[in-house]
Amino acid sequence: MNPLALTIFLLSLAIGTTITLSSYHWLLAWVGLEINTLAIIPLMTKIPHPRAIEAATKYFLTQAAASALLLFSSLINAWQTGEWNIDSISHLPMNALSIALMMKLGLAPLHFWMPEVLQGISLSTGLILSTWQKIAPMTLLLQTSHLINLDLTIILGLTSILVGGWGGIGQTQLRKIMAFSSIGHLGWMIVVLKFNPSLTLFNFIFYVIMTASMFFSLMTISATKMSEISASWSKTPTLTTSTLLILLSLAGLPPLTGFAPKLLISLELVKQNATLLATLIMLASLLALFFYLRLTYVVSLTLPPNSPNSLSSWRTSTKTLPITAIVNTLALILLPITPTLLIFL
């Protein structure tokens with residue numbers, strides 16, 4: 001892609017998110033979300049392949065439907081209350097608006113577009129879709145968390161955790177696995193959204209760091225399938241080791257970064273007398289744990305036959321190595337400074 005065009009699209013992504021983050025008016029928030037959607041579509045289609053065109057079309061249709069529902073619910077709210085402020089919204093439009101934002105995030109059962117779209121685009125665009133594109137809808141949900149329906153968040157959160165685990169088990173494509181991983185992590189955030197929005201924000205920050213580190217690792221070793229990642233151990237042992245640990249961090253195993261959000265959310269739910277809900281989401285997370293452990297097994301303990309020992313035949317991207325190293329470090333060792341981060345949130 002032309003560097004000038006790429007710069008314009010990336011700046012548009014940044015501007016769209018910034019408009020949504022700084023808006024107090026539903027129309028401005030909607031405009032920011034629309035700029036975000038339109039800016040990423042050319043990035044999806046930068047490789048002229050039928051799968052990429054299909055992914056961009058599916059993404060556009062689902063995001064347009066969600067945006068239409070968001071605009072419709074904010075119009076109804078303006079008609080009922082006479083206000084466009086994000087904080088002042090009545091009960092009925094709030095339910096429709098929450099569903100629209102959750103559709104934009106890719107929460108189950110409105111998740112069907114997410115694995116298909118992520119599978120059809122490149123890893124670099126998948127990184128943007130899985131991290132940056134979630135910021136604006138998640139911020140709007142956090143701003144309206146005191147008005148959101150508790151039953152809706154619990155049902156959609158629990159469904160997302162189940163779907164994220166169940167859907168990822170049968171996958172061999174790494175991008176689809178990352179899509180179901182994203183759905184599962186967002187489920188954890190939404191479950192605790194009404195109880196403690198700060199904890200949702202904390203979980204979201206950790207999710208962005210861990211997902212970005214996983215995508216950067218896959219981009220560095222140029223792997224999109226499970227068979228490709230299994231051949232990486234003999235070629236780049238150091239990077240493969242960090243990838244293995246990031247997978248365990250995404251699974252939420254101690255003493256890695258991903259353990260902190262799961263522990264704190266479980267403790268918060270127990271504190272709110274939702275012990276049964278905490279038990280259910282922890283049991284549902286065992287499904288996701290299975291496919292993370294299967295990936296770590298494939299990475300570390302399997303080796304295809306006739307694997308050459310030399311490094312010359314391996315396609316390693318040196319462009320992303322420095323940022324991969326930084327993000328991987330954050331994705332592995334943030335657990336000890338968790339109390340400090342919580343003070344700021």
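Remember, predicted model here, so these are calculated numbers, not experimental data.
Residues Lys104 and Thr62 are not in side-chain contact: their nearest non-hydrogen atoms beyond the backbone lie 4.5 Å or more apart. In this structure, the side chains of Ile47 and Ile121 stay at 4.5 Å or more apart for every pair of heavy atoms. At a threshold of 4.5 Å between non-hydrogen side-chain atoms, the residues Leu186 and Lys134 count as touching. Within the 4.5 Å cutoff, side-chain heavy atoms of Ser285 are placed close to those of Trp188. Taking 4.5 Å as the limit, some side-chain heavy atom of Gln63 sits within range of a side-chain heavy atom of Trp113. Residues Ser160 and His111 fail the side-chain proximity criterion, which asks for heavy atoms closer than 4.5 Å. Counting heavy atoms from C-beta on, the side chains of Gln143 and Leu140 come closer than 4.5 Å. In this structure the side chain of Leu13 reaches within 4.5 angstrom of the side chain of Gln133, judged on heavy atoms.
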Ile229 and Leu174: CA distance, side-chain angles, deciding distance, side chain to side chain contact (heavy atoms under 4.5 Å, CB included) verdict: CA-CA 9 Å; Ile229 204 172; Leu174 297 176; 4.1 Å; yes

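Counting only distance, with no hydrogens or angles, the side chain of Glu228 and the backbone of Thr224 share a donor-acceptor pair below 3.5 Å. Between the side chain of Asn85 and the main chain of Asp87, no donor-acceptor pair closer than 3.5 Å is present. For Ser222 (side chain) and Leu218 (main-chain N/O), no donor-acceptor pair under 3.5 Å exists by modelled atom type. With hydrogens and angles disregarded, no donor-acceptor distance shorter than 3.5 Å links the side chain of His185 to the backbone of Gly164. Between the Lys194 side chain and the Thr153 main chain, no donor and acceptor come within less than 3.5 Å of each other. Under a 3.5 Å cut-off, the side chain of Thr131 and the backbone N or O of Val208 do not form any donor-acceptor pair. At least one donor-acceptor pair under 3.5 Å links the side chain of Ser98 to the backbone N or O of Met94. Looking only at distances, a side-chain donor or acceptor of Arg294 sits under 3.5 Å from a matching main-chain atom of Ile169. Checked by atom type and distance alone, the side chain of Thr296 pairs as donor or acceptor with a backbone atom of Leu293 at under 3.5 Å.
Rounding to the nearest 0.5 Å places NE2 of His25 at 14.0 Å from CD1 of Ile19. Here Leu118 contributes atom CG and Lys58 contributes atom NZ; the two are 12.5 Å apart, rounded to the nearest 0.5 Å. In this structure, the separation between OG1 on Thr125 and CZ on Arg175 is 10.0 Å, given to the nearest 0.5 Å.
There is a side-chain donor-acceptor pair under 3.5 Å between Thr17 and Asn36. When only modelled atom types and interatomic distance are considered, Ser182 and Tyr207 share a side-chain donor-acceptor pair under 3.5 Å. For the residue pair Lys46 / Ser124, a side-chain donor-acceptor distance below 3.5 Å is found, with atom types taken as modelled.
In the hydrophobic cluster analysis, where Ile, Leu, Val, Met, Phe, Trp and Tyr join through side-chain heavy atoms closer than 4.5 angstrom, Ile161 is grouped together with Leu283. Put simply, Tyr59 and Ile135 are part of the same group of oily side chains (I, L, V, M, F, W, Y) that touch within less than 4.5 Å, one to the next. Residues Leu43 and Ile53 do not share a hydrophobic cluster, defined by chaining ILVMFWY side chains whose heavy atoms lie under 4.5 Å apart. Residue Leu150 is grouped with residue Leu97 when hydrophobic side chains (ILVMFWY) are merged at heavy-atom distances under 4.5 angstrom, including chains of intermediate members. If you chain together hydrophobic residues whose side chains sit under 4.5 Å apart, Trp79 and Leu71 never meet in one group.
Heavy-atom neighbours of Trp166 CH2 from other residues, nucleotides or ligands within 6.0 Å: at or below the threshold of 12.
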